[in-house]
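Input: a single structure, listed below in structure tokens.
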Protein chains: 2
Amino acid sequence: MLGIFLDRIPALEERWEEYRELFTEISVPAKTTLLKAGEIPTKIFFVRQGALRISFDSKGKDVTLQFFFENEMVASFDSFMNRRESPIAIKAIEPSTLTILGKNGFEILLRDFPEMKDILFEIVSRRFAHYSRLLLSYLRNNPRERYLELLEENPEVVRRVPQQYIASFLGITPVSLSRIRNKIRS
Amino acid sequence: MLGIFLDRIPALEERWEEYRELFTEISVPAKTTLLKAGEIPTKIFFVRQGALRISFDSKGKDVTLQFFFENEMVASFDSFMNRRESPIAIKAIEPSTLTILGKNGFEILLRDFPEMKDILFEIVSRRFAHYSRLLLSYLRNNPRERYLELLEENPEVVRRVPQQYIASFLGITPVSLSRIRNKIRS
DNA sequence: CTGATTTCTTAACAATTGTTAAGAGCATTT
DNA sequence: AAATGCTCTTAACAATTGTTAAGAAATCAG
């Protein structure tokens, strides 16, 4: 069906035809901004093909927080749930095909399938654990070690994502990342 | 009653006498380890008096992730919920008085007061937002700026916590923090 | 109060990262 | 294919941080 967390709701699977229309599919070119920082999010994105990133614009710097690839869900979740201005932006790295679930559709699903709440809790918990690990990695490792860690744990990121974004994800400059890579080679 | 999130459950407040025995109070000296890394957590702590920190031991370094003071709840939450080994440790910074809720008691409350689930979701969400902000701070600011940010947003930490722990929380060495403080003074 | 322990500061030097700038390498567009 | 724009690399220098060590300051235990 969707290849995402919603597949875990059998009742939805059964009545899929009724709910199909809540989802829209779009294709966007690279560098498209899907959510601007400061906007109130109205959509949840599911990556069908391509790559997205969430970022934070601060003092002219574009800081990347996380990368998303096929079959992952992307949203400025807290802001989406509480109708607040999102501090983060969502942008396409590659030309991407996305499935969109709007705020309305989301609420309909939440009303009709209460199991969704548990799944959401799990998603938030898992994302929380992920952020904790990242935070920890920043505290205990230097940039070189963080890059090696990324290379080991998430080689797809290193393979598919332009280095400037990886650098901002690691908290260093592109120049410094280039130097680190150079040293690792030799 | 407890001065924490459980106060938001009126039904519990009413029947408090029945549930009081689920909670225990203990006093511990500074530097007590309340939860070792690698253990499966069985308790949630509420700080009545004193200060705790959660930390991660890695390569001999003791890395601090967060500080907790009066009326805050402390737990290795994900591990507690899923009965997994906790990657983090919980330690006392000051001599502290704590209220303890065991896994049993927690489950009894969860069974008798389903509202707790929503509150838990909120807590996890809020902690998630907090970690996101921290992560962001690491990505966009250098150690000096992070220290100034901490000084502004959380002066209590700077006032009450020994510098070595603040340094490890900022991801730098105590020597470097001392230098930064020296420069700020002048 | 005193001695012992722990924590904090300072210094010197090494290593790393930031900054700026120039050029090479790629990719996209026309 | 040529031109344009974007990305990555390299270099030089400045600034920051890590490391080690020694001593000062603060805290704790008896």
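Everything quoted here is computed from the prediction, not taken from an experiment. So you know, we letter chains A, B, ... as the sequences are listed, proteins then strands, and number each from 1.
A cation-pi contact, defined as under 6.0 Å to the ring centre and within 45° of the axis, is absent between B:Lys117 and A:Phe121. Annotation: cation-pi pair A:Arg53/A:Tyr165 present, NZ/CZ under 6.0 Å from the ring centroid and within 45° of its normal.
Between A:Lys183 and B:Arg185, the one whose closest nucleotide on DNA chain C sits nearer the 5' end is B:Arg185. Nearest-nucleotide mapping onto DNA chain D: of B:Pro143 and A:Leu177, the residue sitting toward the 5' end is A:Leu177.
The CD1-C1' distance, from A:Ile180 to D:dT9, rounds to 14 Å in whole Å.
At a threshold of 4.0 angstrom between heavy atoms, the contacts of A:Ser178 include nucleobase atoms, whether or not backbone atoms are also involved. Here B:Arg181 lies in heavy-atom contact (under 4.0 Å) with sugar-phosphate atoms only.
Shown are A:Glu13, A:Glu122, A:Glu115; of these, the side-chain hydrogen bond (donor to acceptor under 3.5 Å, both in side chains) with A:Arg8 is made only by A:Glu122.
Listed pair A:Lys31 / D:dT7 meets the phosphate criterion, a side-chain N or O lying under 4.0 Å from OP1 or OP2.
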Quiz prompt | Intermediate values then yes/no, side chain to side chain donor-acceptor pair (under 3.5 Å), A:Thr97 and A:Glu25 | solution = CA-CA 7 Å; A:Thr97 304; A:Glu25 196 160 306; 5.7 Å; no
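Chain B approaches DNA chain C within less than 4.0 angstrom (heavy atoms of the protein), and the contacting nucleotides run 5' to 3' from C:dT6 to C:dA12.
For the pair A:Phe69 and A:Val47, the tightest heavy-atom approach, listed with the atom from each and the gap, is O-CB, 3.3 Å.
Residues B:Thr64 and B:Ser168 bring a donor and an acceptor atom of their side chains to less than 3.5 Å of each other.
Relative ring orientation between B:Phe23 and B:Trp16 is described as tilted, the plane-to-plane angle lying within the 30° to 60° band.
For the atom pair A:Gln163 CD and A:Tyr147 OH, the distance stands at 6.0 Å (nearest 0.5 Å).
For the contact set between residues 145-169 of chain A and DNA chain D, defined by any heavy atom under 4.0 Å, the members are A:Pro162, A:Gln163, A:Gln164.
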